[in-house]
Amino acid sequence: MSYDFKKIEKKWQKIWDDKKVFQAENNSDKPKFYALVEFPYPSGQGLHVGHPRPYTALDIVARKKRMQGYNVLYPMGWDAFGLPTENYAIKTGIHPREVTKRNVAHFKSQLKALGYSFDWSREINTTDPEYYKWTQWIFIQLYKHGLAYKKEFPINFCTNCKVGLANEEVVNGVCEKCGGEVVRKVKNQWMLKITDYAQKLLDDLDTVDYIERVKTSQKNWIGRSEGALIDFPITGTDDFITVYTTRPDTIYGSTYMVVSPEHPIIDKYEHRLKNMDEIRAYKQEAIKKSDFERTEIIKEKTGVKLEGLTAINPISKKEIPVYTSDYVLMTYGTGAIMAVPAHDQRDYEFAKIFNIPIVEVISGGNIEVEAYTDSMNGVAINSPLIEGLKGKDAINHMIEILEERGIGQRKVNYRLRDWVFSRQRYWGEPIPMVYCEHCGWVPVPEEELPIELPDVENYKPADDGESPLANMPQWYNTKCPVCGAEAKRETDTMPQWAGSSWYYLRYTDPDNNEVLAGKDALDYWMNVDWYNGGMEHTTLHLLYSRFWHKFLYDIGVVNTPEPYAKRTSHGMILGDNNEKMSKSRGNVVNPDDVVDEYGADTLRTYEMFIGDFEKAAPWNENGVKGCKRFLDRVYNLTELVADGKGYTPELETYIHQTIKKVTDDIDSMKFNTAIAALMKLANYYYEAKKITKDDIRTFIILLNPMAPHVTEEIWQMMGFEGMLNETSWPVYDISKTVNDTIEIPIQINGKLRAKIVVDKEADADELKAAVFANDVVKKLTDGKMIAKQIYVPGRVYNIVVK
RNA sequence: GCGGAUAUGGCGGAAUUGGCAGACGCGCCAGAUUUAGGAUCUGGUACUGUAAAGUGUGUAGGUUCAAAUCCUAUUAUCCGCACCA
């Protein structure tokens with residue numbers, strides 16, 4: 001018989017709501033537990049079948065923790081600023097605020113239908129002025145501490161969205177959001193100095209419990225490298241070109257230099273350059289290309305020699321030519337390199353094309369064929385000052401020499417660049433700054449926050465790429481907060497990353513009007529104990545929010561140096577054809593349909609049972625049916641309930657094992673095997689054709705975090721006291737997880753040949769006797785020499801015969 | 001190119017971390033029930049073989065009493081970064 005999930009699920013959702021059973025207390029004697037999932041962007045499409053996977057996972061954790069006596073905060077909100085809403089507004093003329101309101105209402109009803117134990121009294125929305133007031137406040141603090149600045153910056157500009165993009169938002173040379181062509185354009189942009197925090201962001205990864213691949217991607221993004229700055233004198237001047245290198249030990253092999261096409265040295269020595277036309281043409285060509293195009297053409301190196309300009313290798317004292325080439329980027333290091341063709345593959349290719357001498361200075365490779373780039377094993381040759389030294393010794397020794405002679409210094413570099421924080425868009429937080437002719441950039445006084453978004457006629461950015469706000473003099477004209485003169489507001493808005501960089505703080509105290517969150521609330525709740533989110537956010541969102549948190553820590557707003565104690569990541573749910581779900585592939589599953597046909601408990605259970613939580617897994621309708629069948633079987637267990645205790649010792653062991661298994665598996669995110677263990681136990685009861693009242697009680701508590709509605713219903717049917725979600729999580733007795741007898745497999749020469757059952761207390765002699773009493777063992781060892789016997793207690797008995 | 005991950009039945013996936021490979025679910029086969037379909041229940045199901053037995057965790061070697069698990073080489077797929085000096 002199938003249970004009536006439609007009735008049951010609605011019923012319990014209402015009871016939980018009415019009784020506010022999942023509200024977290026800001027004052028409690030219980031230990032706290034803060035579980036967090038990434039809040040969704042409320043898109044017009046509604047909930048995707050991928051959303052419930054992480055939400056259910058941490059809902060399971062949260063529900064179990066509550067039953068284990070924790071005061072649990074499991075909040076939800078809306079990351080609602082963003083382009084799709086704005087684009088929709090452009091298309092339809094409906095105000096983004098209105099669109100957001102509708103989408104949020106839709107999302108919320110969908111989430112409620114899944115029975116999550118969110119504390120809805122703490123719901124937040126990044127587009128709410130009471131919320132973004134504090135986003136703006138943080139920006140002002142950043143500005144006051146010198147971490148926000150405006151700068152002419154060549155940015156990636158999407159020709160379709162007409163908006164500047166962060167490097168991170170350009171994917172494969174096109175706009176991540178719309179796929180439009182991206183070109184480089186110089187604009188005056190607000191920047192955040194995340195690079196000041198590069199080392200801290202790197203170091204403190206050692207203090208947090210993030211899954212390894214997340215840590216790795218954070219490290220790669222920060223991209224620390226150690227090396228040296230070296231000055232190469234320009235022939236016939238007192239001037240020099242400074243390069244950055246990680247391999248100062250190869251300096252004797254530097255037979256030419258390359259500067260980026262944007263390097264200022266070109267304009268500076270324009271008068272000396274004999275082929276300026278050629279250089280200028282090359283430069284034009286390079287600047288026009290986006291970063292992607294420049295880096296995509298890996299096939300052949302191009303470049304132009306700076307005729308009339310040479311440099312002196314400061315160690316070998318040789319005069320060397322200088323080239324410009326787009327394989328050197330202005331945005332990394334100094335925008336100039338000392339090229340060592342023998343030991344860098346890019347330089348090698350370039351040197352081959354331009355017929356530049358290749359001088360081997362590290363032995364061990366074959367430079368006739370390719371550059372030898374191993375920095376650890378080769379020995380320095382043709383390098384009088386460091387001859388014979390190896391690896392780090394050679395590098396350090398050379399840096400010491402450079403420093404002694406005043407021509408270079410040790411230097412750490414990071415790939416991380418400052419965060420382009422401006423967007424020329426409407427649907428974002430206005431940047432709370434005012435420009436005054438006399439005072440320059442001045443932050444809005446804090447008591448005037450929030451600076452609210454005005455209503456505009458048209459959401460479309462101007463063709464010159466300025467924000468729609470730039471068409472609103474009545475909004476941007478204001479008085480300078482310092483001198484009172486006529487002044488203009490900043491019309492750029494913040495990127496979508498802003499609101500999500502601190503939202504987890506607001507949940508601790510969502511209604512506070514005085515501060516972004518009260519000190520007591522922060523002291524009590526921080527850090528987030530467990531944060532789960534998608535792999536796509538493990539570099540940017542995570543890095544940005546750690547940066548903001550560290551800044552807030554430094555100015556005394558929060559009391560912990562890191563926001564998230566633990567970070568995990570879930571795999572994607574793919575279509576049934578094993579491809580990413582998308583409309584164009586026609587493999588999209590709508591969670592509403594699943595809830596409607598099978599119920600929320602089934603959807604939750606299925607998404608947890610689908611496979612390894614961290615890996616992608618394809619949707620399978622039959623798998624959903626299997627989970628529905630399981631829940632029906634659980635419901636129908638009520639018909640097998642018999643009175644009395646009547647545990648067999650075997651069954652008692654089984655139950656304790658299952659409690660242990662489910663408890664441990666939830667903590668380690670192995671939800672699939674936790675459910676498998678419960679399925680197995682249910683099968684066992686069906687085989688026995690009976691279940692005691694105590695057993696069914698334990699069973700439904702264990703299943704409750706995954707399938708909260710049907711278990712709550714069974715609880716009530718069975719007449720157990722109170723509500724299931726308010727009862728205690730079962731505790732296992734470790735001594736009862738072991739059977740009285742154990743089965744030992746016997747291997748002969750490593751092959752399984754027999755199994756024997758012995759008492760768990762049996763000593764070595766008893767065991768040995770039992771092993772050799774076995775017929776198969778007798779047969780196979782009779783008349784043979786026993787060379788060795790290995791007994792792994794409780795595991796295996798292996799006999800080696802000859 | 002660099003970095004990371006993965007590879008196990010027809011499918012999704014288990015395997016106490018070196019100790020019985022294939023738990024659990026799907027699918028499939030057979031039986032029961034049903035007017036039939038569906039649903040449900042019971043049993044079976046890695047491969048070869050009637051069987052005895054043998055083979056088997058991408059491929060090839062190795063270490064070990066014992067390898068999906070460790071080592072070496074190699075292939076494929078996916079993801080991230082991508083001329084980072």
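Chain identifiers are assigned alphabetically (A, B, ...) following the order of the sequence lines, protein sequences preceding nucleic acid strands; residue numbering begins at 1 within each chain.
When distances run from any side-chain atom of A/Asn672 to the nucleotides B/C24, B/G13, B/G3, the shortest one goes to B/G13. Set against B/C65, B/G4, B/G25, the side chain of A/Ile790 has B/C65 as its closest nucleotide. Minimum atom distance to the side chain of A/Pro745 is reached by B/C20, of the listed B/C20, B/G13, B/G19. When each of B/A85, B/C83, B/C65 is scored by its nearest atom to the side-chain atoms of A/Val800, the top-ranked nucleotide is B/C65. For A/Pro618, whose side chain is taken as the heavy atoms from C-beta onward, the closest listed nucleotide among B/C83, B/C65, B/G12 is B/G12. In the set B/A85, B/U16, B/A66, the nucleotide with an atom closest to the side chain of A/Tyr332 is B/A85. In the set B/G54, B/U6, B/G12, B/G12 carries the atom at the smallest distance from any side-chain atom of A/Phe609. Nearest nucleotide to the side chain of A/Ala676, out of B/G54, B/A85, B/C24: B/C24. Considering only side-chain atoms of A/Leu329, the nucleotide from B/C83, B/G13, B/U16 that sits closest is B/C83. The A/Arg213 side chain lies nearest to B/G4 when the options are B/C41, B/U6, B/G4.
Annotation: B/G10 and B/C28 have their P atoms spaced 16 Å apart (nearest Å). Between the C1' atoms of B/A46 and B/U72, the separation comes to 29 Å (whole Å). Separating the P atom of B/U74 from that of B/C2 is a span of 12 Å, rounded to the nearest Å. B/A21 and B/U55 are spaced 13 Å apart, taking the C1' atom of each and rounding to whole Å. Taking atom C1' in both B/A73 and B/U50, one finds a spacing of 43 Å when rounded to whole Å. Separation of the P atoms belonging to B/A82 and B/G19 is 40 Å when rounded to the nearest angstrom. The separation of B/C70 from B/G80, taken at their P atoms, amounts to 26 Å, rounded to a whole angstrom. Taking atom P in both B/U57 and B/G22, the straight-line distance is 14 Å, to the nearest Å.
Under the side-chain hydrogen bond (donor to acceptor under 3.5 Å, both in side chains) criterion, no residue pair touches residues 743-755 of chain A, with sequence neighbours excluded.
Under the 3.5 Å distance criterion, the side-chain polar atoms of A/Gln409 are left unmatched by any main-chain donor or acceptor of A/Leu229.
Nearer to the 5' terminus of RNA chain B, by closest-nucleotide assignment, is the contact made by A/Lys689 (compared with the other of A/Arg753 and A/Lys689). Nearest-nucleotide positions on RNA chain B place A/Val796 closer to the 5' end than the other of A/Asp344 and A/Val796.
A straight line from CD of A/Gln789 to P of B/C65 spans 15 Å, rounded to a whole angstrom. Rounded to whole Å, the distance from CG on A/Asn220 to P on B/G80 is 13 Å. B/G12 atom C1' lies 8 Å from atom CD1 of A/Ile610, rounded to whole Å. To the nearest angstrom, C1' of B/G13 lies 13 Å from CD1 of A/Ile675. In this structure, A/Glu743 atom CD and B/U16 atom P are separated by 18 Å, rounded to whole Å. Taking atom CD of residue A/Glu614 and atom P of nucleotide B/A14, one finds them 11 Å apart after rounding to whole Å. Protein atom CG of A/Leu752 is 15 Å distant from nucleotide atom P of B/G19, rounded to whole Å. As a whole-Å value, the separation of A/Arg629 CZ from B/A39 P is 7 Å.
Side-chain atoms of A/Lys680 and A/Thr658 include no donor-acceptor pair closer than 3.5 Å. One side chain, A/Asp347 or A/Tyr327, offers a donor N or O that lies under 3.5 Å from an acceptor on the other. Counting only N and O atoms by type, the side chains of A/Glu621 and A/Tyr598 include a donor and acceptor under 3.5 Å apart. A donor atom on one side chain and an acceptor atom on the other are found under 3.5 Å apart for A/Thr302 and A/Tyr282. Side chains of A/Asn413 and A/Ser225: no donor on one and acceptor on the other come within 3.5 Å.
A/Gly333 comes within contact range of no nucleotide atom at all, as no heavy-atom separation falls under 4.0 Å. Looking at heavy-atom distances under 4.0 Å, A/Thr246 makes contact with sugar-phosphate atoms alone, never a base. Among the atoms of the strands shown, only primed sugar atoms or phosphate atoms (P, OP1, OP2) are found under 4.0 Å from some heavy atom of A/Ser225. Using a 4.0 Å heavy-atom criterion, one finds that A/Arg224 contacts no nucleic acid atom at all. Within the 4.0 angstrom heavy-atom criterion, only backbone atoms of the sugar-phosphate kind lie near A/Asp612; the bases stay farther away. Nucleic acid contact class of A/Ala616 (heavy atoms, under 4.0 Å, all strands): sugar-phosphate only.
For B/A15, neither phosphate oxygen OP1 nor OP2 lies less than 4.0 angstrom from any side-chain nitrogen or oxygen of A/Thr673. Between A/Asn622 and B/G27 there is a side-chain N or O to OP1 or OP2 distance below 4.0 Å. Residue A/Arg415 places none of its side-chain N or O atoms closer than 4.0 Å to OP1 or OP2 of B/A85. The shortest distance between the side-chain N/O atoms of A/Asn683 and the OP1/OP2 oxygens of B/G25 is below 4.0 Å. Regarding contacts with the backbone of B/A15, a side-chain N or O of A/Lys670 is found under 4.0 angstrom from either OP1 or OP2.
Cation-pi check for A/Arg415 over A/Tyr332 is not met; the charged atom does not lie both under 6.0 angstrom from the ring centroid and within 45 degrees of its normal.
In summary, the aromatic rings of A/Phe350 and A/Tyr256 are positioned with their centroids under 6.0 Å apart. The aromatic ring centres of A/Phe613 and A/Phe671 sit less than 6.0 Å apart.
Counting atom types as modelled, A/Lys680 pairs no side-chain N or O with a base atom of B/C24 as donor and acceptor under 3.5 Å. Between the base of B/C26 and the side chain of A/Lys625 there is no donor-acceptor pair shorter than 3.5 Å.
With a glycosidic angle more than 90° from 0, B/U33 adopts the anti conformation. Look at B/G62: its glycosidic torsion is beyond 90° from 0, and that puts it in the anti range.
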* To do: Return one dot-bracket line describing RNA chain B 5' to 3' (Watson-Crick or G-U wobble pairs, both distances under 3.5 Å; ( ) same strand, [ ] crossing, | another strand, . none).
  => (((((((..(((......[....)))((((((.......))))))(((....)))..(((((..]....))))))))))))....
* **A/Lys768 vs A/Tyr797, side-chain contact (heavy atoms from CB on, under 4.5 Å): CA-CA, chis, key distance, verdict** => CA-CA 9 Å; A/Lys768 196 170 172 183; A/Tyr797 196 104; 3.6 Å; yes
